[in-house]
2 protein chains.
Amino acid sequence: MAVDRDHVLRSAAALLTRKSTATMDEVARAAGISRATLHRHFAGRDALVRALEEHGIAECEAALDAARLDEGSASDAVHRLVREIEPVAGLLAFLYGENELWEDGGGDSWSRLDLRIASVFVRGQQNGEFRIDLSPVWLTEALYGLVASCAWAAQAGRVAPKDFTHMITELLLGGALRREES
Amino acid sequence: MAVDRDHVLRSAAALLTRKSTATMDEVARAAGISRATLHRHFAGRDALVRALEEHGIAECEAALDAARLDEGSASDAVHRLVREIEPVAGLLAFLYGENELWEDGGGDSWSRLDLRIASVFVRGQQNGEFRIDLSPVWLTEALYGLVASCAWAAQAGRVAPKDFTHMITELLLGGALRREES
DNA sequence: CTCGTGTGAGACAAGAATGTCTCACACGAG
DNA sequence: CTCGTGTGAGACATTCTTGTCTCACACGAG
């Protein structure tokens, strides 16, 4: 009978992404529980958002670990990264849009994630895989943006969720231009 | 002595992008006016957000007009599009993150914008400029995502605003991979 | 069955945000 | 100068949200 904390957090992220001013009552109903129960698990709105942040960070770190970013070519690493991120894309999209979190502490965790992702692009540039006129910081931000866009578009039914990895990696790595070679 | 409506809307967008739960009082102070004056110009929070949406749509339509999307190659059209969008990127980023707008009416205006942008990608695919395994819908969404990412990153000082057009168009069209040719 | 745990529903007060109002004041036009 | 307009500051009631509490009930373990 215990509430599924993970399910609550995912529902909250999905709802708050669409409607950032949603009340605790709306969050509770979206998760299929009562406001009282939501309050039993999260002291308040702040606590909920902070839990959302911590949960998102933990999931992303796990995804980065699973992606083994240091192995193989940088391109393959990006592929694995996007594939591992897909399950938590909704969470990441919410957190990425919630810029206020980055200001009041907790930014260290995000910096660490940023650094790990950016290092893949650095590696790709150093070994000649990636072009050097686009900074690793920008490529990292762009990855976030594409993941969030794809998550939102999929949630809205505008794109097929099954193409998540393909759409993001192909665009991020290869761009929209048609290539004669390869 | 009249309040600069455009300035108020831009301030509001910039603030609400960072802190979506900001109070009317905070919005007013961010714009350098009193809450009373803000209320004289926008009946309430809903009215403010709706005005923000209408203003954003109008600016984007103007940007699309100025970009002359039907002329020249599709690549050049995308370049012009991004360049014209830059001044309203902050506004667009806010509206893109505020998905709740798309649900309760007004979605028609956005659909029209979507269609105009997507048609550029359709044209590019038809004349062989763009690859056909990435749908125009996705490319449109990706463009939004990249514009929003770049606007946020620039606002946070993580990337140089002057590279706005270059970073977005190069990544969107060419991707991150290094190319031997050309 | 009986008990303990966890939940839903709802009441309640405290607090915050909103919307409206009044008043004083600065400014420009005449 | 005098007037009209638009603004800032603040008071005020209303509404919404929040946080806490109580009570009844469903469920599983024993």
Side-chain angles (χ1 to χ4, degrees), chain A residues 1-56 90-91 94-95 97-106, chain B residues 1-56 90-91 94-95 97-106:
Chain A
M1 215 165 178
V3 161
D4 183 351
R5 182 185 170 94
D6 192 81
H7 168 68
V8 173
L9 287 176
R10 281 177 189 280
S11 303
L15 173 60
L16 291 174
T17 294
R18 292 195 307 272
K19 183 169 162 49
S20 52
T21 59
T23 64
M24 292 292 276
D25 191 68
E26 292 175 287
V27 172
R29 290 185 186 287
I33 63 178
S34 73
R35 194 167 69 93
T37 301
L38 178 62
H39 246 286
R40 285 190 188 98
H41 290 266
F42 303 98
R45 189 192 185 79
D46 290 345
L48 172 64
V49 175
R50 209 169 316 123
L52 224 33
E53 185 186 9
E54 289 174 11
H55 187 253
L91 212 44
F94 164 71
L95 295 172
E98 205 68 3
N99 298 35
E100 70 180 296
L101 294 175
W102 306 34
E103 294 171 357
D104 47 77
Chain B
M1 216 164 177
V3 162
D4 183 352
R5 181 186 171 94
D6 192 82
H7 168 68
V8 173
L9 288 175
R10 282 178 188 280
S11 303
L15 174 60
L16 291 174
T17 294
R18 292 195 307 271
K19 183 168 163 46
S20 53
T21 58
T23 302
M24 291 292 278
D25 190 68
E26 294 177 284
V27 173
R29 290 184 187 286
I33 62 177
S34 74
R35 195 167 67 94
T37 302
L38 178 61
H39 245 286
R40 286 190 188 97
H41 289 266
F42 304 98
R45 190 193 185 79
D46 291 346
L48 172 64
V49 176
R50 209 168 315 122
L52 225 32
E53 186 185 12
E54 290 174 12
H55 187 252
L91 209 45
F94 164 72
L95 295 171
E98 206 69 2
N99 299 33
E100 72 179 296
L101 295 174
W102 306 37
E103 296 170 357
D104 47 76

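Letters A, B, ... mirror the listed sequences (proteins, then strands); counts begin at 1. Predicted, not measured: the structure shown is a model, and the values here were computed from it.
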Kindly say if A/His41 contacts the phosphate of C/dG6, meaning a side-chain N or O under 4.0 Å from OP1 or OP2. no
Tell me which nucleotide among C/dG10, D/dA9, C/dT18 gets nearest to the side chain of B/Ala36. D/dA9
Heavy atoms only: give me the nearest B/Arg45-A/Thr21 pair and the separation to one decimal. NH2-CG2, 4.5 Å
Side-chain heavy-atom pair A/Val8, A/Val27 within 4.5 angstrom cut-off: no
From the list C/dA9, C/dT22, C/dT20, which nucleotide is the closest neighbour of the side chain of B/Arg40? C/dT22
Considering only heavy side-chain atoms of B/Thr23, the closest of D/dT17, C/dT18, C/dA9 is C/dT18
d(CZ, B/Arg5; P, D/dT7) in whole Å: 13 Å
note: B/Leu48, atom CG; C/dG19, atom P; distance rounded to Å ~ 10 Å
Taking CZ from B/Arg45 and C1' from D/dT17, how many angstroms apart are they, rounded to a whole number? 13 Å
Write down the distance between CG (B/Asp46) and P (C/dA17), rounded to a whole number of angstrom. 16 Å
Categorize A/Arg35 for me: base, sugar-phosphate, or nothing, with a 4.0 angstrom heavy-atom threshold over every strand shown. base
Regarding the side chain of A/Met24, the nearest nucleotide among D/dT18, D/dA9, C/dT18 is D/dT18
Using a cut-off of less than 4.0 Å, is there contact between a side-chain N or O of B/Thr37 and OP1 or OP2 of D/dG8? yes
For the helix from C/dC1-D/dG30 to C/dG30-D/dC1, what angle lies between the axis at the first five pairs and the axis at the last five pairs, to 10 degrees? 20°
Non-hydrogen atoms of A/Ala22 and A/Leu16 that approach each other most closely: CB-CD2, 4.0 Å
CZ/A/Phe94 to CG/A/Leu15 distance, rounded to the nearest 0.5 angstrom? 9.5 Å
Roughly, in whole Å, what's the span from CG in A/Leu38 to C1' in D/dT20? 14 Å
Closest non-hydrogen atoms of A/Leu91 and A/Leu9, given as atom of the first, atom of the second and distance, are CD1-O, 4.3 Å
Atom CG of A/Asp4 and atom C1' of C/dT7: how far apart are they, to the nearest Å? 15 Å
Length of the CD1-C1' vector between A/Ile33 and C/dG10, whole Å: 16 Å
In whole angstrom, give the distance that lies between atom CG of A/Asp25 and atom P of C/dA11. 14 Å
Working to the nearest 0.5 Å, report the span between CD of A/Glu54 and CG of A/Leu95. 11.0 Å
Using the side-chain heavy atoms of A/His39, tell me which of these nucleotides is nearest: D/dT18, D/dT7, C/dA9. D/dT18
Check whether any side-chain N or O of A/His7 sits under 3.5 Å from a backbone N or O of A/Ser11 as a donor-acceptor pair, and report yes or no. no
